[in-house]
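Only one structure is covered here, and it is reproduced in the block below.
Numbers restart at 1 for each chain; the letters A, B, ... are given by sequence-line order, proteins then strands. Computed from heavy atoms alone, side chains included, the values below leave out hydrogens, waters and symmetry copies.
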2 protein chains.
Amino acid sequence: MTMSKRAQRADRAEATGDDVDQTVLRSYVGYNMKRAYLGIRADFIASLAHLELNPSQFSALVIIVANPGVSQSALARALSVERSAIVALINTFEKRGLVSRDPVPGDRRSYALRATEAGKRHFAQAVEATDAHEKRYFARLSEEERATLIALLNRIED
Amino acid sequence: MTMSKRAQRADRAEATGDDVDQTVLRSYVGYNMKRAYLGIRADFIASLAHLELNPSQFSALVIIVANPGVSQSALARALSVERSAIVALINTFEKRGLVSRDPVPGDRRSYALRATEAGKRHFAQAVEATDAHEKRYFARLSEEERATLIALLNRIED
């Protein structure tokens, strides 16, 4: 190896933090999860920005489209978030004309959520952007490896 | 199945959000990553709370102990965080007597970070708590599966 290649490698190592011993930190599943998740999240946020949706709003819209008439409580449980967060999120969707809140006959405390026509069109664009993000971001993993990754993640969570 | 078992199952499904169709959402690698990561993070925060360390502080302490004399800039690069965040974090560590900031001869802009004796003892306790958290939280995965998970996560990030 020539000195200039060595120097280049050292520069690159310094720029990426590879000049620092990270062996212990990288031995933890949790730290690797954090690094991977934060990278994915940043790319996903950028991928949805033109639709003015953040990841949580995207998740909520997917659930509402797949479950017409779902209640705010059921949506909160499905996404494992506080009901108050869902109420705020649905307020935003309602103002933007993406989701309607319909009264539930016989239950004055509940609302049935449905995507409007505009909401369904927005959803279709968001799914397209998300599919493109996933395809690009996980390009180094085969279909089978992605399935393995999802299965391992779900086993942890169970 | 008796009616009471059905009812119990329905109650459980409602409590966990399983009464809602999440098929589309769960098909995304990113969403599964988010769910898994947030669960791990909550458990890790609780596991370190008695040591008054958050996950970022733990990561920084691990790097400093493994790399005596590391600079703030190199630490920031290794953890992929802003240098200003590291400066604030090291201020806290210095006040708590866990890390010393020594001048670097010939470089007035840089400091060499080292764990103090108290910092090393705190680090040993934190590693013990983290090992216990990882062992408990990832109990459903074999050693081999954990290694596969880490390898897949690192392939994404590369």
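Between the CG atom of A:Leu152 and the CG atom of B:Asn32 there is a distance of 11.0 Å, given to the nearest 0.5 Å. Rounded to the nearest 0.5 angstrom, B:Leu153 CG and A:Arg35 CZ are separated by 12.0 Å.
Between chain B and the residues A:Pro55, A:Ala147, A:Ser73, A:Ser59, the most heavy-atom pairs under 4.5 angstrom are made by A:Ser59. For the set A:Leu75, A:Val24, A:Ile63, the entry with the most heavy-atom pairs within less than 4.5 Å of chain B is A:Ile63. Interface summary for chain A: among B:Leu38, B:Thr148, B:Val62, the most heavy-atom pairs under 4.5 angstrom belong to B:Val62. Between chain B and the options A:Leu79, A:Thr23, A:Val70, A:Val65, the largest number of non-hydrogen pairs under 4.5 Å is found for A:Leu79.
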**OP:** Decide yes or no on side chain to side chain contact (heavy atoms under 4.5 Å, CB included) for A:Arg155 and B:Leu141, but give the supporting numbers first.
**Re:** CA-CA 7 Å; A:Arg155 292 260 308 286; B:Leu141 304 188; 3.8 Å; yes
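Both the backbone and the side chain of A:Leu149 come within contact range of chain B, judged by heavy atoms closer than 4.5 Å. With a threshold of 4.5 angstrom between heavy atoms, A:Ser56 approaches chain B through its backbone and through its side chain. Interface residue A:Tyr37: backbone and side-chain heavy atoms are both found under 4.5 Å from chain B. When heavy atoms are compared at a cutoff of 4.5 Å, B:Ile40 approaches chain A solely by way of its side chain, counted from C-beta outward. Of the two parts of A:Val29, the backbone and the side chain both hold a non-hydrogen atom closer than 4.5 Å to a non-hydrogen atom of chain B. If you measure heavy-atom distances from A:Glu145 to chain B, the contacts under 4.5 Å come from both the backbone and the side chain. Interface remark: B:Phe138 contributes side-chain atoms only to the contact with chain A (heavy atom separation under 4.5 Å).
For B:Gln125, the CD atom sits in a packed shell: over 12 heavy atoms of surrounding residues, nucleotides or ligands are nearer than 6.0 Å.
Taking the ring centroids of B:Phe58 and A:Tyr28, they lie under the 6.0 Å cut-off.
Looking at every heavy atom in both residues, A:Ile150 comes nearest to B:Ser27 through CD1-O, 3.9 Å. Minimum interatomic distance between B:Glu134 and A:Gly30 (heavy atoms only, all atoms of both residues): OE2-N, 2.7 Å. Of all heavy-atom pairs between B:Arg140 and A:Ile156, the closest is NH1-O, 3.6 Å.
Between the side chain of A:Asn67 and the backbone N or O of B:Asp21 there is at least one donor-acceptor pair closer than 3.5 Å.
Cluster annotation: A:Tyr111 and A:Ile86 are assigned to distinct hydrophobic clusters (Ile/Leu/Val/Met/Phe/Trp/Tyr, side-chain heavy-atom contacts under 4.5 Å, transitive).
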